[in-house]
S.K.: 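Mind having a look at this structure? Questions to follow.
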Amino acid sequence: MYKTKILLFLLLFISSSLSFALPRHNPVPGGLALLAIPEQSASTAQSTPRAYYKKNRLAIISENNQHYALVGIPLKTKSGEQHISVQWDNGKKLSLPFTVKDKTYKAQYLTIKNKRKVNPSKEDLDRIEKERKRKNRAKTRWTDQSVNNDFIIPVDGRVSSIFGLRRFFNQQPRRPHAGLDIAAPEGTPIKAVESGTVIEAGDFFFSGNMVYIDHGQGLISLYAHMNSIGVKIGDRIKRGQQIGTVGQTGRVTGPHLHLAVFANQTMIDPVFLLPDLHLTENTEY
Ligand SMILES: [Zn+2]
């Protein structure tokens with residue numbers, strides 16, 4: 001009995017000390033690198049540096065007086081050494097290397113009944129182009145605020161498709177799967193993964209009803225194929241707040257939430273920000 005109490009205490013202690021979870025360092029294509037930034041001198045110790053990867057500004061997370069740069073790594077990145085550049089207000093600069101490891105993504109073949117969603121008409125293409133501009137505005141958003149990166153799982157459901165699969169729709173190659181799919185019945189509540197501001201919301205050709213939430217410094221979550229949207233642009237959202245319901249709008253094979261995450265304008269695997277997500281063997285992760 002006594003031992004059980006100690007164990008319980010230890011577990012509580014460990015879980016509470018981990019409640020501010022840093023994202024998982026996983027430097028693979030489609031993953032993220034979490035790089036500790038060394039202080040250059042006493043004069044730089046007080047100021048938060050700026051960091052860039054391929055000209056895109058990076059989010060800086062600070063914990064226990066240590067600054068970390070969060071680097072989203074594009075899916076098309078080859079394995080090998082990469083660099084970020086760091087700069088301080090006093091003009092000091094630093095190039096910080098990291099190594100991208102290999103990762104192979106499997107192919108996935110899907111059949112879409114609505115053929116227009118695979119081969120859009122001329123009219124559809126005009127709409128898609130307008131939507132591409134809106135999506136681009138959303139993903140390039142930068143907000144100077146501390147980053148909200150303590151993500152929760154947004155839907156109670158089953159992981160039905162993982163990030164990075166090389167996709168074929170009706171036998172035709174299309175872009176790789178840039179998000180995580182969680183299947184759940186239509187109408188299941190969708191919760192915001194973290195606190196933030198709604199920066200885009202609407203009906204899109206491929207993504208259906210979609211919402212973007214800005215969590216600060218370029219960390220952005222996106223929710224697609226929703227049945228209903230319960231928020232509007234400009235709304236401030238708390239972590240866990242319902243923002244809509246699961247649906248099957250856009251290019252889908254059934255009801256699910258497509259969750260995508262941007263860091264430095266790059267789509268990364270949401271799994272690395274979801275420590276509580278346990279993938280079963282069947283998901284072949
Ligand atoms: Zn998806």
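No experiment lies behind these values; they were computed from the predicted model shown. When reading the values below, keep in mind they use all heavy atoms of this one structure, side chains included, and skip hydrogens, waters and symmetry mates. For this chain, numbers begin at 1 and follow the sequence in order. Just so you know, ligand 1 is whichever comes first in the structure, and atom 1 is the first atom listed for that ligand.
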S.K.: Do other residues, nucleotides or ligands put more than 12 heavy atoms under 6.0 Å from Arg134 CZ?
M.R.: yes
S.K.: Rounded to the nearest 10°, what angle sits at the Zn ion (ligand 1) between NE2 of His177 and OD1 of Asp181?
M.R.: 100°
S.K.: With a sphere of 6.0 Å drawn around CG of Asp124, does it hold more than 12 non-hydrogen atoms of other residues, nucleotides or ligands?
M.R.: yes
S.K.: Would you say the Zn ion (ligand 1) has His256 as a near neighbour, meaning an N/O/S atom of that residue under 2.8 Å away?
M.R.: no
S.K.: Restricting to N/O/S, name the atom of His258 that gets closest to the Zn ion (ligand 1).
M.R.: ND1
S.K.: Can you hop from Leu180 to Ile153 via hydrophobic side chains spaced under 4.5 Å?
M.R.: yes
S.K.: Any N/O/S atom, backbone or side chain, of His225 lying under 2.8 Å from the Zn ion (ligand 1)?
M.R.: no
S.K.: Tell me which donor-acceptor pairs under 3.5 Å the side chains of residues 253-262 have, and how far apart each pair is, sequence neighbours excluded?
M.R.:
{"unit_1": "His256", "atom_1": "ND1", "unit_2": "Gly254", "atom_2": "O", "d": "3.0"}
{"unit_1": "His258", "atom_1": "ND1", "unit_2": "His177", "atom_2": "NE2", "d": "3.2"}
{"unit_1": "His258", "atom_1": "ND1", "unit_2": "Asp181", "atom_2": "OD1", "d": "3.1"}

